[in-house]
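In what follows, every heavy atom counts, from backbone to side chain, and hydrogens, waters and symmetry copies are set aside. Naming: A, B, ... by sequence-line order, numbering from 1 per chain.
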Amino acid sequence: LDGDDDDVENAGTDAGGCGALTRHPPHIPYNPKTHVHSKPPYSFSCLIFMAIEEAALKRLPVKDIYQWIVTHFPYFQNAPTGWKNSVRHNLSLNKCFMKVDKERGHNIGKGSLWMVDPDYRPNLLQALRKTPYHPYSQLHILQNSCNSQGSSIGPMKPLPLAPRPNVNVPSPGLFLALRQKIWQLHLRGRC
DNA sequence: TACCGTCTAAACAAAT
DNA sequence: TATTTGTTTAGACGGT
Ligand SMILES: [Mg+2]
């Protein structure tokens with residue numbers, strides 16, 4: 001039904017080098033909507049994680065994971081075929097992701113729903129924390145820009161980095177909103 | 001050097 | 001029957 005798997009991509013060499021298959025450089029501000037030729041600086045595990053976390057019920061079928069990824073990271077609209085294979089491969093092999101038990105009764109089309117194994121959710125959060133442009137690695141930008149024009153005080157508050165009774169405190173769902181905010185500040189030349 | 005996480009390809013089976 | 005979904009093996013790569 002969905003005519004995906006569109007190829008017709010770069011035929012072979014790309015002279016300049018900055019063609020499609022390049023991971024986005026860590027030091028340049030990244031916007032998934034505009035940098036459609038850079039591979040997002042997130043692993044498939046992180047992408048899947050964010051997709052599931054933003055789902056109301058924290059569960060998604062494979063197809064919806066695809067959809068979340070392409071809408072939030074348009075790079076994949078024209079990415080070389082194979083990334084869906086990688087998604088499925090990751091879901092299956094990565095212990096952080098598990099299928100929801102096929103509940104008798106209501107079934108959602110094909111396949112199963114996928115969820116994050118609560119025991120391994122901290123692992124995914126840690127992985128996400130280590131990526132660029134994650135709230136935890138970018139919050140200082142918001143802080144140093146939005147406030148203070150005159151305060152000569154340095155570092156301000158150390159930031160709420162961490163510990164927390166965690167569990168589901170640092171919502172990765174906030175990630176995109178925060179990243180957007182940071183991006184806007186960047187465009188205004190304030191950080 | 002080994003190990004780990006990651007990515008990509010591919011073979012294959014099962015479900016639909 | 002064809003497509004989708006899921007599992008598995010294999011190899012490559014960069015970082016620790
Ligand atoms: Mg799994």
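In this structure, A/Trp114 reaches the C/dG6 phosphate: one of its side-chain N or O atoms is under 4.0 Å from OP1 or OP2. Proximity of A/Lys39 to the phosphate of B/dT8: a side-chain N or O atom is located under 4.0 Å from OP1 or OP2. In terms of phosphate contacts, A/Lys110 brings no side-chain nitrogen or oxygen within less than 4.0 Å of OP1 or OP2 of C/dG6. Close to C/dG6, at under 4.0 Å from its OP1 or OP2, lies no side-chain N or O of A/Ser92.
Per the geometry, NZ belonging to A/Lys84 stands 18 Å off P belonging to B/dC7, to the nearest Å. Taking atom CG of A/Asn90 as the reference point, atom P of B/dT6 lies 8 Å away to the nearest angstrom. For A/Phe49 and B/dG5, the CZ to C1' distance is 17 Å, given to the nearest whole Å. In this structure, A/Arg23 places its CZ atom 16 Å from P of B/dG5, rounding to the nearest Å. The distance between atom NZ of A/Lys102 and atom C1' of B/dT16, rounded to the nearest whole Å, is 10 Å. The nearest whole Å value for the distance from the CD1 atom in A/Ile48 to the P atom in C/dG6 is 12 Å. For the pair A/Leu93 CG and B/dT8 P, the computed distance is 15 Å after rounding to whole Å. When rounded to the nearest whole Å, the span between CD of A/Gln126 and C1' of B/dT6 equals 16 Å.
Note: A/Tyr66 and A/Trp83 meet the aromatic proximity criterion, with ring centroids under 6.0 Å apart.
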Show each protein N/O and nucleotides 9-14 of chain B N/O combination with a separation under 3.5 Å, one pair to a line.
{"from": "B/dA9", "atom 1": "OP2", "to": "A/Thr81", "atom 2": "O", "distance (Å)": "3.4"}
{"from": "B/dA10", "atom 1": "N7", "to": "A/Asn85", "atom 2": "ND2", "distance (Å)": "2.9"}
{"from": "B/dA10", "atom 1": "N6", "to": "A/Asn85", "atom 2": "OD1", "distance (Å)": "3.2"}

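Counting heavy atoms from C-beta on, the side chains of A/Ser112 and A/Lys102 come closer than 4.5 Å. For the pair A/Met115 and A/Lys99, the minimum side-chain heavy-atom distance is 4.5 Å or more.
Here the closest heavy-atom approach between residue A/Pro74 and residue A/Pro32 is recorded as CD-O, 3.1 Å.
Atom OH of A/Tyr42 and atom CE of A/Met50 lie 6.0 Å apart (nearest 0.5 Å).
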* To do: Would you please test A/Glu53 and A/Arg121 for side chain to side chain contact (heavy atoms under 4.5 Å, CB included) and show each step?
  => CA-CA 10 Å; A/Glu53 285 290 314; A/Arg121 188 168 181 272; 3.0 Å; yes
Ring pair (Phe, Tyr, Trp, His ring centres under 6.0 Å) between A/Trp114 and A/Phe97, intermediate numbers included: CA-CA 7 Å; A/Trp114 290 88; A/Phe97 305 117; 7.7 Å; no
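Among the heavy atoms of the strands, none lies under 4.0 Å from A/Phe97.
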